[in-house]
Every structure is written in structure tokens, then in C-alpha cells.
**Q** 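The following block contains the structure, expressed as C-alpha cells.
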Amino acid sequence: MTYTFDEWFVVTLARTISDREVVFHGFGSPCAQVAMHVAKRTHAPDMLLIEGAMYAVNPNPPFIPPTGNDSSLKQGAAYSMKFEEFFDAAIRGDVDRMFLSGGQIDAYGNTNVTAVGPLEKPKVKLGGGGGGCNISATIGQLTLWTTRHRSGRTLVDKCDFITDIGHVTPAGNRAELGYTGGGPQWMVTELGVFDYDSEGRARLIEVFSDVDVDTVREATGFEFTTAADVKTVASPTCAELAIVRGIDPLGVRKSEFDPAELTRTYDHVHDPGCNC
Amino acid sequence: MTYTFDEWFVVTLARTISDREVVFHGFGSPCAQVAMHVAKRTHAPDMLLIEGAMYAVNPNPPFIPPTGNDSSLKQGAAYSMKFEEFFDAAIRGDVDRMFLSGGQIDAYGNTNVTAVGPLEKPKVKLGGGGGGCNISATIGQLTLWTTRHRSGRTLVDKCDFITDIGHVTPAGNRAELGYTGGGPQWMVTELGVFDYDSEGRARLIEVFSDVDVDTVREATGFEFTTAADVKTVASPTCAELAIVRGIDPLGVRKSEFDPAELTRTYDHVHDPGCNC
Amino acid sequence: MIFLDPDKRVDLATAASHIGDGALLALGGGLSSRLPMALVRELVRQGRTGLHVVGSAHSMDVDLLVAAGALSICEESYVGFEQDLGLAPAYRRAAESGTITLRESCCVTILTQLRAAEMGLPFLPVRGIKGTDMRRLHPEYAETTCPFTGEVLVAVPPLIPDAALIHAPLGDLHGNLYLDKPYVLDERFAGASRAVIATVDRIVSTDELVEYGITIPAHYVQAVAEVPFGAHPASSYPNYAYDRDHMGVYVKAASKPESAAQYIEEWVMLPDGEDGYRAKLGEESLQRLTTWSESTETWKGLFA
Amino acid sequence: MIFLDPDKRVDLATAASHIGDGALLALGGGLSSRLPMALVRELVRQGRTGLHVVGSAHSMDVDLLVAAGALSICEESYVGFEQDLGLAPAYRRAAESGTITLRESCCVTILTQLRAAEMGLPFLPVRGIKGTDMRRLHPEYAETTCPFTGEVLVAVPPLIPDAALIHAPLGDLHGNLYLDKPYVLDERFAGASRAVIATVDRIVSTDELVEYGITIPAHYVQAVAEVPFGAHPASSYPNYAYDRDHMGVYVKAASKPESAAQYIEEWVMLPDGEDGYRAKLGEESLQRLTTWSESTETWKGLFA
């Protein structure tokens, strides 16, 4: 059996979720969206899955649609929150994890989804932050991700605009700002996985099997340290792969990637611990 | 045909409502409650009737129950507000009229429903203000009423505690307090009807047919002026009386009166303008 | 707080055991509707003391806690039995003799304080209060100046109940609750409190509950106990109307300390708890309260 | 404001005529769901200019207003077509060339400003914003210090839209509206705005509407116009799914000023308005969007 990179990526995101966490993804985030359903159906059955723009609680969608607020995404949910109900919960600290991406991400995990270039005359007007700005301050942990690391323009030394809060901003760190959320815990890119050191800076801990540390360094606009032993990202199990394919038959997750990344293909090595 | 004082009183309250007003009564206020339904079914068909503790919009209850939040009170209402929906509307100024009573009422229409006597050791601990305190500041007009004027203890020179706001308080008048509501417009008692002068003080304008001005003065703990020509309160029409009896077959309105007041009986004089 | 256990069902004694002496409790429902009476009775049976209650307009739930000596601080907006049955006897007695602390509040103020808790904010401004004597009861209130208009408003702190006691006509094993309107403050209590402790007349399947509609979702609920007629003598529509006669029995008994104590002995301190309570009321008298929907005459007859 | 007329039914042109040039508009729905597209198209037909829009995450409604030159200020939290169709072409072009004023905001901030309006308060504190660059877009924000904790929070003023444009699947003649979740900000818009201007796919009897449930009550609604497929190409569940293909047609056209103008000429400026729009789309293509509930395969097939 072979699998493709988008599948491995989604499974890697899923594994940043712990069981019994309350987890949320924003709209326009199919990789995070698929990842949450993979986690719920594998190692995190008792997580509270809050479905992006639907605010549906623990839905069982028949498929992931290409838009974040199609009604299919609340199928099987006994309850859908109201907009304010979700955001209040996030602000008061009842949400444990959020997935967050950005057109620019700096070493501290600050993200820019507002505009590249000067604000008065942007080079690229990005879509905007949705709800991330306020709730990035208060949600328990953040899993950052990007599928555009290789472009060299995403992981930057300095965001042109800070939309969502990382560990340290020019105005101070989280403690100084009075924020209760823990900030970025992981950052998953199409090259590898970072955690954050005691100073709140990204640290490379894993790379995908077809990536080396130098490739990561070349693509990254900020200095980063690495773990003493940079490992290869753990491969997906066949159970996880089956779930990715089952929940996302339209392949909506693929829309996040440059076409070249989708050609990355891997042989699945049978894991004796896996009951495929 | 004869009618009793409780019926006349309720009709008099009803007539303080104009058509196309948004009107609310609190709980424990059967006279105001019945009055609103009388107005809605006679001269104010397009009023928005918000049913006390149910927050039901334009209900058509089969009868008035002896409690303010029985489900009978939302029958026929397509919609019932949420608690916060009503109170937000009242605070932002979308409610035109509220009925308000009090264990003590002063000349400016400040009311006390908290405690008679010193707060630390009250002589009588009254039930409490419910929601009246805040919204008395912002609702368009207030119709005050009491059925205990004759006791001599209700209309007082000074409230022992101000629960709800009249025209002028020791802390200032409405303009000084920054309040947008117009304050008390009418006060209906079992003796007569008051309006408020330009200084915000109650002024007697009408008495019931079996009451004279001296009786009112003896029962009142504050000085008041009178209209140049104190009239008799207009009699109820037979249509109004029929509606009072139809909507309140259990006679819940009577629970507000001293038993002696309920013995006041009147002959209905046929009004040529009335199509009874 | 968020509760993720898939099965929250417990018996009433266990549900009540989550409440400690001195707890700050939000009381669900209001006046004669959906009062958490079974939980109140169970707290009395378990001998809880020093309770601090908050909420809007309430009646027998508060008065019974006072009569039983379980309550220290009352922060409701009203306690009484409306015009029909009058002032709350035990509450009034305790307030007049100073054996409970009065922190009477106002609906919008309580709502605003719950919203501050729900919104994770350290304060909120509230319109009103100025000009009244309410701050004599609430020295904790402060003031705040609007940075845009210069208006001075009263500022209130968040109100975070240790638990919200909520009775619902229907619930499921996960703790999802269906309420009939008026919801009063119950949704806000759920968002603002550390936990919801619920009783329901009947536990049904989640599918059946979804047909009715979920008002309070399971993740707010720490424990749910099935207690038929758990709001009695308050109503729990669509299941049953309030028992005006029994409310009258209580109010009469509560008018004197001795007869209040006797009511508690006779109606609350039963060795078999709520089973005993319902048995003492009798099947016929309880079933009568469920007949409200048969006709207007029947409904009206319940209150005549 | 409160609207008491018993019959609020009007045609679409009359509904849109309540909106003046330069109006501050709240846009109902979000992303691909319940966008007030018929009202947006009608405003373009009527040549409205200088509009200021507020809301959460939106897509074609905002982009089309920009493409038509009707919009001056954008205060949404996001404008785009998600990962599927990408950035919003006309919006992006206008933002990059400075022909519209950017006041991008954040969901909680907008929610808090609407709540201030709804609660009748001159300001509210909001958590967050500090540490981000959002205040560069919002010099009107101020600061407030919590009188209890000393914490400095950002203070925001009330946001009072002149009108909320809301599309609902069902409504009645009084203006009561049923919405399918997600409601997004629509309930808050109704409470905060001076008026709700509504379109509905279908007007039904009040009794039928009550069976579904009333989400937004009539007293907030100034005018309601029956416009079948009035959200198209957005969805209006339970009636129809979104038209991904048509969204794609639009996004492609909007990528250049000339083809954007051609789209507007061809799909919006039709002499017979929405009737012409539906006729041009064709019965078959519209009916297809209503087949989502037939089977998972059918539903999925709409988006393949």
C-alpha cells in the first residue's frame, strides 16, 4: 500500500491532539478539519470536537465539503453551539486547542493573515483573521500549521502584521499581556514538525522522511535551533489512512497544497502493532 | 349591569396604554397583567404585549393563572423572548411602557419593593425588585399603580429604600443620572389617578366616583397639587368589562386588593357610543 | 467548565454530593416554574449549611433552604410567592431577624455579572443602579468611566457560581437538557458556572431529545439524576403544572418556625427521600398535575 | 428598533430601497451559507454607493459589492473563498489599490461591539487585541482599566448597523424568520441594528413557521421580501446547498476588472431582476441544489 503526503500531513496534525481535549479549527482549514475527525476516530474518542464555522459539537459528517459551513458538517451532532457560545467559551478558557495557520508565521508563532507588505498599500491582501485574533490569546494550546513552508515566504523573521498572538510580541509576552492561553505548542509544516523552547521560539524536532534539516533551514526566514536528535515524523498507520480517505473522499485536504507536494508518495510499512 | 371596583381599576390601568406601544409588566402584578390584555383587545390592537415572567410576545392566554410564569401565559404566542433578549431591549430603549408598583412610593415616583424600616433590621422584608431597578431607568414611560393607597403607608414622603427610579432621586434627576427613560407618567391607585408635573411630582387629576379629594389627601404621605378640575375617572365600557371577565375568569386580579375594596360596586350606565 | 464523560447519570444523593457547605449556587427556573426542588430537598437531607444563592425571582426553593437553616446569603432579585400567596415566610423572618445576609440584586445586574463570567472578563459596566439604594446592599460594586462618552457607569464583577442547580423536563445520559421556555437565566448559568448539576423528570434517548431540542448541551453538565416530579411543587412543562395547593400548604406551614420545622420533618426528611416524597403526595395528586393539556377547563381547574 | 406593522411583505426593490447610500450594513449568514445575495444584487441594480459592511467571515456578497463599486468600507473579519476558491478577487484588488478602506476586525471584537449596541451600553471591554496590530486598523478603540483587578483591556464602542440584511429559508407575513444553524451573528445583528431587512425563499403561515421555530422575531423586521433562491449561489438549508460551480464562475470572472464588469452586466443588471437571474440559471440547475437530502452520494456529488 502507498500513501501520499497530504495524508501523512493530516495524520501528523491529528496526533497533536490529546484525548479529552476541547478542540476547534477555523474555516478554510481542510487539513486541520480532517485531522480532528481522524483524531476523534482513533486516539482521542472523548475529545470535544467543535466543527469550525458550524460550531457543531461532535458531528459525524458523511464527507468533508469544500466549504466550511455546509450543513453536511453538522450531521450526527446532537447540538451545535451558537457563534457567541463558542467564542465566549474560547475567551474564558474552556477550549483546549485550536489549529491556526497564516500567510506569514514568525519564530514566536505570531501569524499574519491580514496583509503582506505595507498595510496602506498591501502587496497581497490576505483574507483576514476571522476569529483567531482574540481567541489566540486565551485558548489552551495552539497547533500551528502551514503547507507553504517551502516557498520561503511563509516562515518569516518578522510578520508584516500580527493578526494572531504567538509567544512573544513587540508589545510583550503572554504573561505581560495578561493572557491565559499557552500559545503555540506545535507547528507542523510540509517539511517537518517544530515545538517551542522556553523562550517561545520554534525548535525543529522532526522532519518528514524525504526532507533534510538543511532544506528546512533554507526555507525558513528565522533562525531556529533543533532537537539534539531530529527524528523522522512517525508514519501513519493504515487505520489512520483509512479514516482520512473515508472522511475526505472529495480530497478537500489537497486544496491546501502546492501541486508538487501532492506527488510525494510513500510505501506503507506494516507496523506489527497495527491491526490493519 | 353592575361592576366591581377591581374591574374598573384594571380598565383604568389599561387606558394608560397607547396603541403601537411595546408594553411590559413584571411578575406578581395581576392587575397590570389583565390590563394589558384588555388594552390589546380594545383600543391598542397593535401594541406589542410582552407577558411578564414568560416574555411571551402577544400571547392569547385562555385564562390568567395565579402565578406569573405558568405556561398558559404563552399560549397563542408565536414567539417568546429569552430573558436577556427582553432585558437588553428594555435597557437600550426599545420598550415603551412598564407597569410598576411598590410597597412605598414617594412624590417623585421612586418606589421601594426591598424593605420597610432600616435595611440592617427591616420591619418588613418585601419580596424584592425583580428586574425593575435597572429598567426603570431606560423604559420609555412608567405606569405606576398601587391598590394600597388607603392604608396611608404606601404613598410616603420618603422611601426607606429606593429600588426603582422615579423622576428625582437624592442622587439627582434622570438627566443628571444620564437615564434615557421618561419615568413615571401615570399613577393609578384605588382612590384616583395622578400624572406628574414639570418638577416630576405627582399631581392628582382624577378620583373614582366614590372618592373625594380629601380622602386622597388624608391617605397620602406627601404633599401634592391637583388639576384645576379634578374629574371622575371614566367608567369602563361594557366591552371592556366583558374582556376583563373573559380573560380573568379566576379573578386573579382581586388578589391585589384589600377585601373591603372588592365590595365597591357600581351600576353601569349605558353609553350611547358603546355597542354593547 | 467542560465535562466530557459520556455517561453522567447518577442518583440524586450523588448529584447533591457535588455541592459543598458554603457553595455559591445558581438556582434554575424561577417563581413557580422548574425550581430545582428535589436537589434543594436533598441538600437539606444531607444537612448542607452556609449556602449562598444567586438568581432572578424565586420562591419555595429559597424559602425552604432558609427554613432548613441551609442558607447564609441570598442574592436573588426577588423571593416570594407573588400576589397569590404573598411574602416568603421563612425568608422574611430570617431577613428581619438578621440571620441571613441580604444581597438582593436586580435582574439586569445579575445577568451582566453572569455575562462577565461567561465572556471571561474581569468586569462589565451596567446601566441603572445609580440613583437607587442598591449599592447599600452591594459595596463590592465599583464605577467605570466610558472612554468614548465620559459617562460614569456602575461596574460589576463576574459572578461564577460553584454550581447551577437546574431541573429539566427531559435529558439524556450524556447530560443534554431540554427546557421549555421561559429558560429564565438557565442558559447563562450554564455558561457562567463551574458546573451544572441537573435533575430531569425523565431520561430519554438522545434521538428523542434532539426532536425536542437541546437547550443546555451536555458539556456543561457534571451530573444528571432522573427524579420524576423533581421540580414539584413547581411546574415542569410540558410534563406537569405547578401544585398551587401544595405551595399553599408550605407557605402556611412556613409562617411559624415550629410548623416550618414540622413541614421539613414531614415532607423532606423522609428516609426514602424523593420516593417517599412522591408516595406521600400520592399517585393521584401527582397525575392530576399532568392533565393540564386536556382542556382549558382542566388546566384552569388546577388553579381554582 | 421595533416594527409593529402586522404585514411586512414587500417586493425586493422596496426592501432594498430602505438602504441608503453610505449605509452601515450588517451582512447575515457567512462564507457560503445564507448570504443576502438577492439584496446585494438589488442594491447593485439600484446603484447604491459608499456602503460600509460589518460582519464575520464573508465571501461573494462583499466581493460583488466591491466589484460593482458599491462598497467604501469593509469591516468584516474575513473576506474570501476559503481554500477551495482562494482569495476574494475584487476585494483583494480594491484593498491593494486603496480604493476601499480596510477596517478588518475580529469575530469577538465585532460580537462585543454588537453586544454593546444590544445592551444599550456606550462601551464594552474586550479580551485580546493587545499584542496584535489590529489597532492600526482601528484607531477608534480605546482602553479601560478594570476597577477590580487593575487589568488594562481594550475598550470598543457599540456598533449599530443601519440595517441587517438577512436571508432566511422561511418567514411569515409578520416578518418572523426561521434560520437553520449556524445562525452566525444574525441574532445579534437583529438586536443591534436599527432594522432588519429580510429576504426569504418562501413565506409560509405563522403556524407552519412555529413548527420550524422562530429564530428572529417579527418585531425586529422592517420588511420581508419573498425571493426564491434569494441566497444563491450561497446555500439556504434546508432548501438548497451552495452552488460551487457558480461561485467558481464568479471568482474566475472577478479576477479581472473587465470580466467582473461583464459578470455584473450579465448576471446582475438583468431588466427583470431576480426572475431573470433564476431564468438564466435555469430550473434544472437550481433544482439540482435542492437534491442534497436524497443521499450522501447526491449531496457529495454537488461538490465534486
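Reminder, nothing fancy here: chain letters follow the sequence lines and each chain counts from 1. Below, each value reflects all heavy atoms present in this structure, side chains not excepted, and no hydrogens, waters or symmetry copies.
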**Q** Top residue by heavy-atom pair count (under 4.5 Å) with chain D, among C:Pro125, C:Gly120, C:Ala142?
**A** C:Pro125
**Q** If I measure from the heavy atoms of chain D, does C:Phe123 come under 4.5 Å with its side chain, its backbone, both, or neither?
**A**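 For C:Phe123, heavy atoms of backbone and side chain both lie under 4.5 Å from chain D.
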**Q** Is C:Leu111 in contact with chain D via its backbone, its side chain, both, or neither, using a 4.5 Å heavy-atom distance?
**A** neither
**Q** What are the atom names and distances for all donor-acceptor pairs below 3.5 Å between chain D and chain C?
**A**
unit_1	atom_1	unit_2	atom_2	d
D:Gly120	O	C:Arg127	NE	3.0
D:Gly120	O	C:Arg127	NH2	3.2
D:Arg127	NE	C:Gly120	O	3.0
D:Arg127	NH2	C:Gly120	O	3.2

**Q** Less than 4.5 Å to any heavy atom of chain D: does that hold for the side chain of C:Val108, its backbone, both, or neither?
**A**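 The answer is neither part of C:Val108.
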**Q** Chain D: which of C:Ala116, C:Pro122, C:Gly213, C:Ala155 shares the most heavy-atom pairs with it under 4.5 Å?
**A** C:Pro122
